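Since this is a predicted model, take the numbers as computed values, not measurements.
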Amino acid sequence: MKRRQVAEAEKARTAIKNHSDALFNSSRQVTVGNAQGDVTLVEFFDYNCGYCKRALDDMLTLMKDDPKLKVVLKEFPVLGPGSIEAARVAIAVRMQDKTGKKYLEFHQRLLTGRGQVDKARAMAAAKESGLDMVRLEKDMASDEARATLAENMKLAEALGLNGTPSYVVGSDVVIGAVGLDALKQKVNTARCGKATC
């Protein structure tokens, strides 16, 4: 078991190195937190994932407590058609909002709502976040939206991610909602080589 874990971690490290540009600096990603941060945490998420809803607080707390952290959000809709529709809306939100501020507002609205998320719920959240809805509809059907989803899916496959939330922190892949402390330790390891800096 231990040998397999080590092998998987090694494989993930290589994949992160090979795909680092698309992972950390893609023009198609959403960046929140400190865009010039010294450590990057990438989260792959699905709007219908119950664990992602819980993990949202972890991310917000990390960003608040760590002004040097860059957070990258990647839509990874694996839980059915409603998730794919919501991801398309999210990508269109990103295309309209270069700062990531409205996206984060939209993201929180959608992850803190109750029940299944689909296009209608996502559109309502976008409207409440003050986005241009006509442009949103157009952007959802764009090649850019399709290319973004394809890029995220390809990255997830290369990294061996099969569920949400999944994270990349530094040179480590973290699968599942591991909680705030574990994420903090990963960030510290990426920053200074040990669990506490």
Side-chain angles (χ1 to χ4, degrees), residues 12-47 49 52 55-56 59-60 62-63 66-78 83-111 117 119 122-123 125-126 129-161 164-174 186-187 190-191:
R13 282 208 170 97
T14 308
I16 292 169
K17 211 183 275 149
N18 293 345
H19 299 275
S20 67
D21 221 36
L23 253 178
F24 302 119
N25 304 305
S26 172
S27 60
R28 300 193 166 107
Q29 71 194 22
V30 174
T31 303
V32 292
N34 183 345
Q36 315 303 233
D38 64 343
V39 173
T40 304
L41 174 130
V42 181
E43 181 183 350
F44 288 79
F45 67 91
D46 183 310
Y47 281 116
C49 144
C52 296
L56 174 67
M59 182 194 80
L60 294 172
L62 272 176
M63 277 168 39
D66 188 343
K68 291 196 297 200
L69 183 67
K70 172 178 168 182
V71 176
V72 169
L73 298 171
K74 293 193 185 282
E75 300 85 3
F76 181 39
V78 288
S83 295
I84 293 169
E85 289 170 1
R88 282 208 183 103
V89 177
I91 291 162
V93 169
R94 185 264 303 162
M95 288 167 69
Q96 217 177 108
D97 168 41
K98 295 293 173 234
T99 65
K101 281 189 178 67
K102 278 187 177 167
Y103 186 99
L104 189 57
E105 199 182 306
F106 162 86
H107 186 71
Q108 287 174 258
R109 273 204 168 95
L110 218 42
L111 278 174
V117 173
K119 181 181 174 184
M123 292 300 265
S129 303
L131 289 133
D132 173 342
M133 300 308 286
V134 175
R135 183 174 161 199
L136 201 74
E137 281 278 7
K138 202 174 94 225
D139 286 344
M140 278 173 66
S142 67
D143 288 343
E144 173 68 9
R146 275 190 290 278
T148 301
L149 268 186
E151 179 178 287
N152 293 354
M153 292 300 195
K154 215 166 102 185
L155 274 173
E157 194 185 336
L159 294 165
L161 312 182
T164 51
S166 289
Y167 304 91
V168 174
V169 191
S171 58
D172 287 331
V173 169
V174 180
K186 289 288 181 191
V187 168
R191 183 170 280 139

Nearest 0.5 Å, what's the [atom1]-[atom2] distance between [X] and [Y]?
| X | Y | atom1 | atom2 | answer |
| --- | --- | --- | --- | --- |
| Leu149 | Arg28 | CG | CZ | 10.5 Å |
| Lys68 | Asp38 | NZ | CG | 5.0 Å |
| Gln108 | Tyr103 | CD | OH | 11.5 Å |
| Met59 | Met63 | CE | CE | 5.0 Å |
| Gln36 | Thr31 | CD | OG1 | 9.5 Å |

Tell me if a side-chain donor or acceptor on [X] pairs with a main-chain N or O of [Y] at a distance below 3.5 Å.
| X | Y | result |
| --- | --- | --- |
| Ser129 | Leu131 | no |
| Lys102 | Gly130 | yes |
| Asn152 | Phe76 | no |
| Asp143 | Ala147 | no |
| Glu75 | Ala87 | no |
| Asp46 | Thr164 | no |

Run Thr40 and Val72 through side-chain contact (heavy atoms from CB on, under 4.5 Å) and show every step you take. CA-CA 7 Å; Thr40 304; Val72 169; 3.8 Å; yes
Considering only heavy atoms from C-beta outward, does the side chain of [X] approach that of [Y] to under 4.5 Å?
| X | Y | value |
| --- | --- | --- |
| Val173 | Ile16 | yes |
| Arg146 | Met140 | no |
| Leu136 | Val93 | yes |
| Gln29 | Glu151 | no |

With sequence neighbours excluded, tell me which residues meet salt bridge (charged side-chain N to carboxylate O under 4.0 Å, His left out) with [X].
| X | answer |
| --- | --- |
| Arg94 | Glu144 |
| Lys186 | Asp172 |
| Asp132 | none |
| Asp66 | Arg191 |

If I compare all heavy atoms of [X] with all of [Y], which pair ends up nearest, and what's the gap?
| X | Y | value |
| --- | --- | --- |
| Ala22 | Leu155 | O-CD1, 3.7 Å |
| Asn34 | Pro67 | ND2-O, 3.0 Å |
| Val32 | Leu73 | CG2-CD1, 4.3 Å |
| Lys98 | Met95 | NZ-O, 3.3 Å |
| Leu159 | Ala15 | CD2-CB, 3.8 Å |
| Ala158 | His19 | CB-NE2, 3.4 Å |

What pairs with Tyr167 under ring pair (Phe, Tyr, Trp, His ring centres under 6.0 Å), at least two apart in sequence or on another chain? none
Please name all residues satisfying side-chain contact (heavy atoms from CB on, under 4.5 Å) with [X], sequence neighbours left out, ordered by chain then number.
| X | answer |
| --- | --- |
| Ser20 | Phe24 |
| Ala125 | Phe106, Arg109, Leu110 |
| Leu111 | Tyr47, Cys52, Lys53, Leu56, His107 |
| Ala145 | Ile91, Ser142 |

Can you name the side-chain hydrogen bond (donor to acceptor under 3.5 Å, both in side chains) partners of Glu43, sequence neighbours left out? none
Note: Asp139-Arg135 ion pair, threshold 4.0 Å (strictly below): yes
